[in-house]
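Report on one structure; see the data block that follows.
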Amino acid sequence: MRTLDPKSAPGIKVFMGASTGNMLVDNPDTLDGIFREAPTPIITHCEDTPTIDRTLAEFKAKYGEDGLIPGMHPDIRSREACIKSTRLALSLARKHGTRLHVLHISTADELALFQRGPLVHADGARKRITAETCVHFLRFDRADYARLGNFIKCNPAIKDASDREALIQALVDDVVDVLATDHAPHTLEEKQKPYQQAPSGLPLVQYALLAAIELVHEKRMDIARVVQKTAHAPAQLFDVKERGYLREGYWADLVLVDDVPLTVRREDVLSKCGWSPFEGTTFRSRIGATWVNGRMVWNGSELIGTPGGRRLEFDR
Ligand SMILES: [Zn+2]
């Protein structure tokens with residue numbers, strides 16, 4: 001990590017809790033070293049694995065191996081696990097003065113740990129510890145497991161309606177700095193397995209902006225805030241070079257939004273996984289066109305041209 005060029009990577013993601021794949025980092029000395037030495041911001045997935053393992057064992061003892069269902073996910077991957085892990089990340093960051101960004105905050109409880117305020121203060125000082133939440137935590141809650149089951153199984157888990165409301169308010173109050181997604185396009189076949197075998201994660205990219213803009217239609221926030229939290233803030237936080245703003249000389253990564261309703265149908269899903277947790281949902285806006293690096297790639301009804309992505313650069 002010491003040899004990582006900060007201009008080539010936005011940051012280092014540390015799985016402080018085990019999620020999909022074998023990427024857990026839980027050795028205290030290793031964690032301490034990462035927070036001390038990282039040449040880029042540290043970005044964390046915060047769920048305490050021993051807490052989850054203990055709760056999972058309790059649920060298995062009570063309901064049996066085959067008695068576990070998706071509706072138990074927010075209790076097995078509990079709020080306590082999130083809070084404990086986020087507290088640890090913040091304490092390590094304070095100890096070493098690390099620039100820390102905590103990903104996918106899912107509980108109201110964690111919000112009290114973060115500072116309210118803009119990313120850059122009037123005197124030019126930048127927030128050292130920042131927070132992110134995701135659109136699925138703002139559009140789904142515990143009541144949706146009955147209908148969607150493993151299709152909304154993700155880590156951290158989607159929790160209660162009260163968490164959802166607190167997270168929306170935290171974006172408005174500038175306690176949470178970024179609104180993002182967790183695009184994990186597992187197949188229908190994988191998601192239709194029993195709770196314990198079904199992988200965590202859901203495909204969100206295609207409808208993420210529309211899900212965020214629903215908050216504007218609901219008068220929970222204005223469109224400028226959606227732009228700040230989804231475009232400006234990530235560019236600011238990670239020093240992304242020449243992107244994230246409509247500015248002369250910047251790359252034109254643009255989206256045109258039409259306020260014409262759109263009902264999500266499975267046949268319209270562009271992700272190769274071929275499904276969306278938003279199937280049947282009617283959004284009050286739709287994407288009229290998308291430009292990447294100044295080239296139109298979506299014309300409102302189909303993808304056009306050949307992929308022309310470019311590696312991001314970090315101006316730091
Ligand atoms: Zn994660």
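Please read these numbers as outputs of a predicted model, since none were measured by experiment. Computed from heavy atoms alone, side chains included, the values below leave out hydrogens, waters and symmetry copies. Read the numbers this way: they start at 1 and go in the same order the structure lists the ligands and their atoms.
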Residues K95, D32: salt bridge by 4.0 Å N-O rule: yes

Looking at H45, the N, O or S atom sitting nearest the Zn ion (ligand 1) is ND1

Would you say T55 and D53 are linked by a side-chain donor-acceptor pair, where the criterion is simply a distance under 3.5 Å? no

N, O or S atom of P156 closer to the Zn ion (ligand 1) than 2.8 Å: no

Quick one: angle K13 NZ - the Zn ion (ligand 1) - H104 NE2, to the nearest 10°? 110°

Member of R79, R87, K159 meeting the salt bridge (Lys or Arg N to Asp or Glu O under 4.0 Å) criterion with D109: R79

Distance under 6.0 Å and angle within 45° of the ring axis: does K153 meet both against Y195? yes

